[in-house]
Structure formats: structure tokens, C-alpha cells
Amino acid sequence: MTERLRVGLVGAGPWAHLFTGPMLAASADVEFVGIWSRRPEPAQELARHHGVTAFAELPDLFAASDAMVFSVPPSVQAALAAQAARAGLAVLLDKPVGGNVAEAEALAAAIDTAGVVSQVILTNRYFDATRSFLAAAGEFDSYGGRAAFFGNGCVPGTYFATPWRVAEGGLLDLGPHVLDALDAALGPIEAIEAHGDPQRLVLLECRHANGRLSQAALSATTNQPGGLMVEVHGPAGRLALDVAAFTQAQSEAEFATAQRVILSEFAAAVRAGTGHPLDVHRGVHLQRLIADAARQLTDRSNRCSA
């Protein structure tokens with residue numbers, strides 16, 4: 001491996017343009033090797049913007065890289081990241097890690113068999129504000145909490161309204177952020193109850209392994225700025241994180257921090273050959289919770305229409 005980790009980008013959609021492409025280009029920890037996409041034109045455009053190569057064939061990008069970053073739909077990611085792992089490449093994954101639990105588990109198995117490092121870009125988890133909140137929550141005597149995430153990423157015509165988001169709705173898109181935050185702040189979620197409609201509003205009630213309880217509300221079809229809010233409550237009061245309330249300057253600073261920290265931690269994990277707390281198995285855990293909630297929503301909808 002070269003001194004700087006050689007990293008390729010798979011995908012040239014909205015998130016690649018907004019976040020992962022600029023993240024790779026600005027990093028002091030990695031060498032941005034190039035881009036491959038199923039659609040050559042966007043890949044060429046993004047590659048020109050960052051002064052890197054647009055690869056015509058994915059195996060050629062694999063051969064030129066030590067690791068891959070993925071900015072593609074979940075089912076596509078699950079298949080292509082497994083290929084990358086089998087080629088011996090570390091993988092930096094988007095959320096959710098697969099389109100369903102079977103895909104997520106198959107990806108995790110491929111990564112485990114190959115023995116490569118994996119990490120998931122749960123963006124909020126790399127903010128300074130989030131890490132300070134979670135550190136405080138770990139010392140806070142709490143009996144439960146709540147979370148919310150409202151946005152417009154599944155509204156047709158908006159920036160992030162890619163086909164999979166429009167089809168699946170907010171649970172698969174925003175659920176990983178909400179459930180990860182509650183799980184990290186209050187302890188592992190062991191049971192979940194869901195009500196609502198992924199295309200409108202989903203309400204979740206979670207029981208944590210330590211007996212704590214939490215609630216969450218999420219929607220990706222509201223015409224309002226998006227952002228995660230999470231609170232923990234206890235005898236002494238509450239602790240809160242509200243990403244949606246960030247000022248523009250704070251939001252820009254936190255996203256820049258996340259971009260830097262994601263790659264510095266990923267590069268360090270790859271060089272050391274060690275795991276990352278937010279690895280593919282974290283993604284599988286969140287995917288199982290989302291699948292359980294989605295099944296309940298479908299069952300309730302079927303009963304109502306029977």
C-alpha cells in the first residue's frame with residue numbers, strides 16, 4: 001500500500017457531487033484516484049471537476065485503488081461493495097448498507113470473508129456536536145429519550161429525490177440516522193414498534209436492552225429543511241442535539257469536520273487493519289431494525305385494507 005491510501009469513488013449522483021467527491025478531493029489522508037459510475041457522463045463531469053480520472057471499467061478502478069467509497073443506491077452498493085471486498089479493497093459505505101436485510105447480510109459476509117476494513121458514512125456521527133452529545137449522554141442518568149428527522153429527500157423534484165428514495169420513502173432513508181442516534185445515546189435497541197406510512201410520517205417506539213424507552217418521528221416528504229434531533233431525559237433534566245437548528249456557518253463547519261474525520265478514521269483503520277465502530281455490522285443492525293419496522297407498517301396497512 002502507498003503511504004497515502006489510494007481511494008476510488010463509485011457513483012456520481014447527488015451525494016457524490018455534494019459530499020463524497022469534495023470529501024475525497026480535500027483530504028490530506030488519501031489520494032483520490034478516480035471515479036466510476038454506471039452513467040459515464042456524470043462520472044466524467046465529476047472527475048473533470050476534481051481533476052481525477054473517470055474510469056470506463058470498474059475493475060480498472062479497483063486495480064488502481066486500496067479502498068473504495070460508494071455513493072450509489074443501496075442495492076447497487078451491496079453488490080458492488082461485495083465485489084470490492086473480494087478484490088481485497090477496504091470499503092467506505094453509504095447508508096443504508098443494502099436495499100434489504102438479505103443484501104446487507106450478504107455484504108457483511110463478503111467483507112468478513114475477505115478480512116477487509118469497512119466503515120459506514122452515518123454523517124451525523126462524525127460531527128463534533130454529535131460526539132460531544134453522545135459523550136455526555138454516556139454519563140447521563142437517563143430513562144429514555146426521543147428523536148426526529150424531517151426533510152424533503154423523498155419529494156419528487158428535490159435534490160436528493162433519487163428513484164430509490166422516492167420509491168421507499170423516509171424509513172429506509174432517514175431511519176438509519178434516527179435509530180443509530182437513539183441506539184448510541186441510550187443503549188442497543190432490542191425491540192421496535194412502528195406506525196404510519198413511509199411516504200408520509202413514521203412513528204417508532206423502541207425498547208432498549210437496558211430497559212430504557214425511546215420514541216422517534218421521521219418523514220422525508222415534508223417541504224422543510226432536514227436535520228436530526230435527539231434528546232435523552234432523566235431525573236436531572238435533558239440533553240439535546242438539534243442538527244436542524246444549526247446556523248448556516250455551524251452546519252458548514254460540522255460537515256467539513258465530518259468529511260475530514262470520516263477519511264482520517266477510515267485511513268487509520270485500513271493502515272492498522274483494525275475495525276471501526278461504525279462498520280458494516282453496525283449497518284446490518286440498523287437494517288434489521290428498519291426491516292422489522294417496515295414489516296409492521298405493511299402488516300397494519302394490509303389489515304386496514306382487508
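Here the structure is a predicted model, which means the values were calculated and not measured.
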message = Assigning hydrophobic clusters by single linkage (Ile, Leu, Val, Met, Phe, Trp, Tyr; side-chain heavy-atom cutoff under 4.5 Å), is Trp164 placed with Val202?
response = yes
ask   = Apart from Leu201 itself, which Ile, Leu, Val, Met, Phe, Trp or Tyr residues share its cluster (side-chain heavy atoms under 4.5 Å, direct or through members)?
value = Phe150, Leu203
key: For Ala110 against Ala85, the heavy-atom pair lying closest together   = O-CB, 4.2 Å
N-O pairing of Glu193 and Arg207 below 4.0 Å = no
query = Can you tell me how far the CG atom of Leu186 sits from the CD atom of Glu231, to the nearest 0.5 Å?
reply = 11.0 Å
task = Side-chain contact test, heavy atoms from C-beta onward, threshold under 4.5 Å: evaluate it for Leu179 versus Ile189 and give yes or no.
result = yes
key: Where Tyr126 and Gln119 come nearest, the two heavy atoms and their spacing   = OH-NE2, 3.1 Å
task = Look at the side-chain heavy atoms of Ile, Leu, Val, Met, Phe, Trp and Tyr, link any pair under 4.5 Å apart, and say whether Phe70 and Phe19 land in one connected group.
result = yes
Test log, rule side-chain contact (heavy atoms from CB on, under 4.5 Å), inputs Tyr159 and Asn152 = CA-CA 9 Å; Tyr159 183 76; Asn152 64 359; over 6 Å; no
message = Within this structure, what is the CG-CG distance for the pair Asp279 and Leu93, rounded to the nearest 0.5 Å?
response = 9.5 Å
inquiry  = Regarding Arg295 and Asp299, does a basic nitrogen lie under 4.0 Å from an acidic carboxylate oxygen?
reply    = yes
task = Side-chain contact test, heavy atoms from C-beta onward, threshold under 4.5 Å: evaluate it for Cys206 versus Leu213 and give yes or no.
result = no
message = Would you say that Pro14 contacts His17 through its side chain, given a criterion of any heavy-atom pair below 4.5 Å between the two side chains?
response = no
inquiry  = Contact between Arg146 and Val230 at the side-chain level, heavy atoms closer than 4.5 Å - yes or no?
reply    = no
ask   = Hey, are the side chains of Ile35 and Val10 touching, using non-hydrogen atoms and a 4.5 Å cut-off?
value = no
ask   = Can a salt bridge be assigned to the pair Arg260 and Asp29 using a cut-off of 4.0 Å between side-chain N and carboxylate O?
value = no
ask   = Looking only at heavy atoms, what is the nearest atom pair of Ser71 and Trp15, with distance?
value = OG-CD1, 3.7 Å
task = Grab the two heavy atoms, one from Met23 and one from Leu92, that are nearest each other, plus how far apart they are.
result = CE-CD2, 4.1 Å
query = Do the non-hydrogen side-chain atoms of Val33 and Val7 ever get within less than 4.5 Å of each other?
reply = no
inquiry  = For the NE2 atom on His49, are there more than 12 heavy atoms of other groups (residues, nucleotides or ligands in this structure) within a distance under 6.0 Å?
reply    = no
query = Which hydrophobic side chains are connected to Val166, either touching it within the sub-4.5 Å cutoff or through other members that do?
reply = none
key: Worked check of salt bridge (charged side-chain N to carboxylate O under 4.0 Å, His left out) between Glu265 and Arg131   = CA-CA 14 Å; Glu265 291 184 355; Arg131 292 190 167 187; 2.7 Å; yes
inquiry  = Checking the side chain of His50 only, and the main-chain atoms of Val52 only, is there a donor and an acceptor separated by less than 3.5 Å?
reply    = no
query = Would you find more than 12 non-hydrogen atoms of other residues, nucleotides or ligands less than 6.0 Å from Glu139 atom CD?
reply = no
Taking every non-hydrogen atom, the tightest pair across Ala90 and Phe266 = CB-CZ, 3.8 Å
ask   = Picking from Leu172, Leu174, Ile192, what satisfies side chain to side chain contact (heavy atoms under 4.5 Å, CB included) with Ile290?
value = Leu172
task = Group every Ile, Leu, Val, Met, Phe, Trp and Tyr by side-chain heavy-atom contacts under 4.5 Å, then state whether Leu18 and Phe127 land in the same group.
result = yes
query = Would you say the side chains of Asp180 and His285 form a donor-acceptor pair under 3.5 Å?
reply = no
task = Would you tell me whether Ser214 and His208 have side-chain atoms, one donor and one acceptor, within less than 3.5 Å of each other?
result = yes
message = Please report the interatomic distance CZ(Arg86) to OG1(Thr113), rounded to the nearest 0.5 Å.
response = 9.0 Å
message = Do Thr274 and Val117 have side chains that approach each other closer than 4.5 Å (heavy atoms only, starting at C-beta)?
response = no
inquiry  = Within this structure, what is the CD-OG1 distance for the pair Glu254 and Thr130, rounded to the nearest 0.5 Å?
reply    = 6.5 Å
inquiry  = What verdict does the side-chain contact (heavy atoms from CB on, under 4.5 Å) test give for Glu103 and Val97, after you've listed the backbone C-alpha separation in whole Å, the side-chain angles of each residue and the deciding distance to 0.1 Å?
reply    = CA-CA 8 Å; Glu103 291 176 357; Val97 295; over 6 Å; no
ask   = So which heavy atom on Val91 is nearest to which on Ala81, and how close?
value = CG1-O, 3.9 Å
inquiry  = If hydrophobic clusters are built from ILVMFWY residues whose side chains come within less than 4.5 Å, do Leu134 and Leu286 share one?
reply    = yes
ask   = In Å, rounded to the nearest 0.5 Å, how long is the span from CD of Gln259 to OG1 of Thr257?
value = 9.5 Å
ask   = Are Ser142 and Arg212 close enough that some pair of their side-chain heavy atoms sits under 4.5 Å apart?
value = yes
ask   = Under a 4.0 Å N-O cut-off, is there an ion pair linking Arg4 with Glu31?
value = no
Spacing of CG belonging to Asp173 relative to CG belonging to Leu218, to within rounding of 0.5 Å = 9.5 Å
request  = Using only heavy-atom distances, determine whether the side chains of Arg200 and Ser219 contain a donor-acceptor pair under 3.5 Å.
outcome  = no
inquiry  = Could you see if Leu61 belongs to whatever hydrophobic cluster contains Leu89? Use Ile, Leu, Val, Met, Phe, Trp, Tyr and a side-chain cutoff under 4.5 Å.
reply    = yes
